[in-house]
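So the structure is just underneath, and the comments pick up after that.
When a ligand or atom number is given, it counts from 1 through the structure's own listing order.
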Amino acid sequence: MRRKFVAGNWKMHGGLARNRDLLDSLIKGIGGGGKADCAVCVPFPYLAQAQELLKGTAIAWGAQNCSEHPQGAYTGEVSAAMLADFGCRYAIVGHSERRSLYGERNETVAAKFVAAVDGGLTPILCLGETLEQREQGVTEQVIAAQFDAVLQAAGVHGFANAVIAYEPVWAIGTGRTASPQQAQDVHAFIRGRLASSDAALAQRMQILYGGSVKPQNAAELFGMADIDGGLIGGASLVAQDFLAICSAA
Ligand code: PGA
């Protein structure tokens with residue numbers, strides 16, 4: 001039985017005072033931990049704050065991106081080793097906002113995934129199709145290309161300590177969620193693709209769903225056979241909502 005996992009993606013939201021309130025509420029709400037794993041992926045400047053407040057709690061923390069390079073003259077970039085210095089367990093890689101707004105191609109995402117693994121982090125690899133691609137009926141080809149680029153670069157052993165998130169682009173921040181069955185179909189496809197390389201690992205892999213997960217739809221989504229939790233954007237900024245989603249997992 002795979003453990004459920006719920007990760008918050010704060011995106012570019014927050015501030016010292018507001019984060020403290022939110023994290024205090026999450027710590028109180030989650031206590032010693034529930035049946036699901038829980039993490040928050042915060043903006044880089046707040047990693048020290050997350051480390052200070054979350055150390056010793058049941059809530060892990062991570063970043064939303066990391067450089068594909070280990071170090072060097074890369075102005076504005078942050079390496080996996082730097083994230084590990086702040087106690088990060090996770091780094092989101094390949095979020096659709098990074099792909100679409102910052103031009104990250106499959107090869108870059110793959111290199112970031114490898115850098116995260118090499119730096120001792122657990123990458124949360126995001127895969128997802130746009131609305132146009134879904135309507136053209138090429139969802140599986142798009143997901144396969146995104147996934148295969150990472151598999152090729154990292155090897156199947158690179159997935160031994162990784163999490164995958166299926167995030168249909170058309171469902172992110174739009175209030176339009178994939179139906180549980182639509183999500184389940186893609187999750188099963190991803191698991192099957194990994195199973196072609198390593199069936200046992202595919203069975204263990206946590207595959208999260210992301211895209212307008214709310215307290216009202218979380219339980220139904222997480223009840224699907226291949227959905228192992230969620231990557232939560234907007235609702236992760238509201239303590240009550242995020243806690244309700246964690247309890248649904
Ligand atoms: P959302 O974002 O929950 O606000 O749709 C999810 C994500 O982008 O990870």
Side-chain angles (χ1 to χ4, degrees), residues 4-14 18-19 22 26 36-44 46 50 59-66 88-104 109 112-113 116 121-131 133-134 139 142-143 146-147 150 162-180 182-184 186-187 190 206-222 224 227-249:
K4 293 271 196 276
F5 176 37
V6 177
N9 172 12
W10 288 5
K11 308 194 180 184
M12 200 173 75
H13 294 289
R18 189 175 153 191
N19 302 347
L22 175 56
L26 296 185
D37 295 327
C38 171
V40 289
C41 293
V42 309
F44 293 139
Y46 300 128
I59 306 170
W61 59 98
Q64 302 166 16
N65 184 23
C66 80
C88 278
R89 184 179 309 165
Y90 299 99
I92 298 174
V93 297
H95 190 279
S96 66
E97 284 152 18
R98 301 234 37 108
R99 293 177 189 263
S100 67
L101 302 173
Y102 300 96
E104 289 188 11
V109 173
K112 289 184 173 204
F113 182 100
L121 304 176
T122 299
I124 301 176
L125 170 66
C126 298
L127 311 172
E129 82 289 2
T130 63
L131 183 58
Q133 290 164 335
R134 175 161 282 265
T139 297
V142 170
I143 302 288
Q146 292 173 343
F147 175 78
V150 179
V163 173
I164 298 174
Y166 168 56
E167 297 210 313
V169 179
W170 47 273
I172 295 176
T174 57
R176 184 174 165 186
T177 322
S179 72
Q182 279 176 320
Q184 164 60 28
V186 180
H187 281 234
I190 295 168
Q206 286 172 317
I207 307 181
L208 314 182
Y209 168 79
S212 299
V213 178
K214 305 286 177 221
Q216 306 81 273
N217 58 26
E220 208 190 340
L221 285 159
F222 300 166
M224 303 305 283
I227 302 185
D228 305 313
L231 182 57
I232 318 299
S236 74
L237 299 170
V238 181
Q240 224 185 342
D241 288 357
F242 190 63
L243 288 169
I245 293 169
C246 292
S247 326

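No part of Ser96 comes within 4.0 Å of ligand 1, judged by heavy-atom distances. With a 4.0 Å cut-off on non-hydrogen atoms, Ile172 touches ligand 1 through its backbone as well as its side chain.
Side chain of Ser212 to main chain of Ala171: a donor-acceptor pair is present (N/O by atom type, distance under 3.5 Å, no hydrogens or angles).
For the pair Lys214 and ligand 1, the shortest N or O to N or O distance does not fall below 3.5 Å. Close N/O approach between Thr174 and ligand 1 is not found [any backbone or side-chain N/O within under 3.5 Å]. For Gly210, no nitrogen or oxygen atom sits less than 3.5 Å from a nitrogen or oxygen atom of ligand 1, counting backbone and side chain alike. Remark: ligand 1 and Gly233 share an N or O pair separated by less than 3.5 Å (distance only, no angle test).
Within the structure, ligand 1 lacks Gly230 among the residues with a heavy atom less than 4.0 angstrom away. Heavy-atom separations between Ser212 and ligand 1 include at least one value shorter than 4.0 Å. At least one heavy atom of Gly173 sits less than 4.0 Å from an atom of ligand 1.
Proximity of Tyr209 to Pro180: side-chain heavy atoms (C-beta onward) are nowhere separated by under 4.5 Å.
Short contacts between ligand 1 and Gly234, defined as distances under 4.0 Å to a heavy atom of the residue, involve ligand atoms 1 (P), 3 (O), 4 (O). Of all the atoms in ligand 1, the ones that sit under 4.0 Å from a non-hydrogen atom of Gly211 are 5 (O). Proximity to His95 (heavy-atom distance under 4.0 Å) selects the following atoms of ligand 1: 7 (C), 8 (O), 9 (O). Heavy-atom proximity to Lys11, at under 4.0 Å, picks out these atoms of ligand 1: 2 (O), 7 (C), 8 (O). Atoms of ligand 1 found under 4.0 Å from any heavy atom of Ala171, numbered from 1 in the order shown, are 5 (O).
Distance OG/Ser96 to CD/Glu129: 10.0 Å, rounded to 0.5 Å. With values rounded to the nearest 0.5 angstrom, Ile164 atom CD1 is found 5.0 Å from Phe147 atom CZ.
For atom 9 (O) of ligand 1, the closest non-hydrogen atom on the protein side is Glu167 OE2, 2.7 Å.
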Side chain to side chain contact (heavy atoms under 4.5 Å, CB included), that's the test. Do Val6 and Phe222 meet it? Break it down for me. CA-CA 10 Å; Val6 177; Phe222 300 166; 4.2 Å; yes
Begin from the C-alpha positions of Val150 and Gln146 and carry the test side chain to side chain contact (heavy atoms under 4.5 Å, CB included) through to its verdict. CA-CA 7 Å; Val150 179; Gln146 292 173 343; over 6 Å; no
Side chain to side chain contact (heavy atoms under 4.5 Å, CB included) between Ile172 and Glu97, worked out: CA-CA 9 Å; Ile172 295 176; Glu97 284 152 18; 3.6 Å; yes
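Using modelled atom types, one finds no donor on one side chain facing an acceptor on the other under 3.5 Å when comparing Gln64 with His95.
Screening Leu127, Val186, Ile190 for a side chain to side chain contact (heavy atoms under 4.5 Å, CB included) with Ile207, the sole residue that qualifies is Ile190. None of Val93, Asn9, Val163 except one satisfies the side chain to side chain contact (heavy atoms under 4.5 Å, CB included) rule with Ile124; the exception is Val163.
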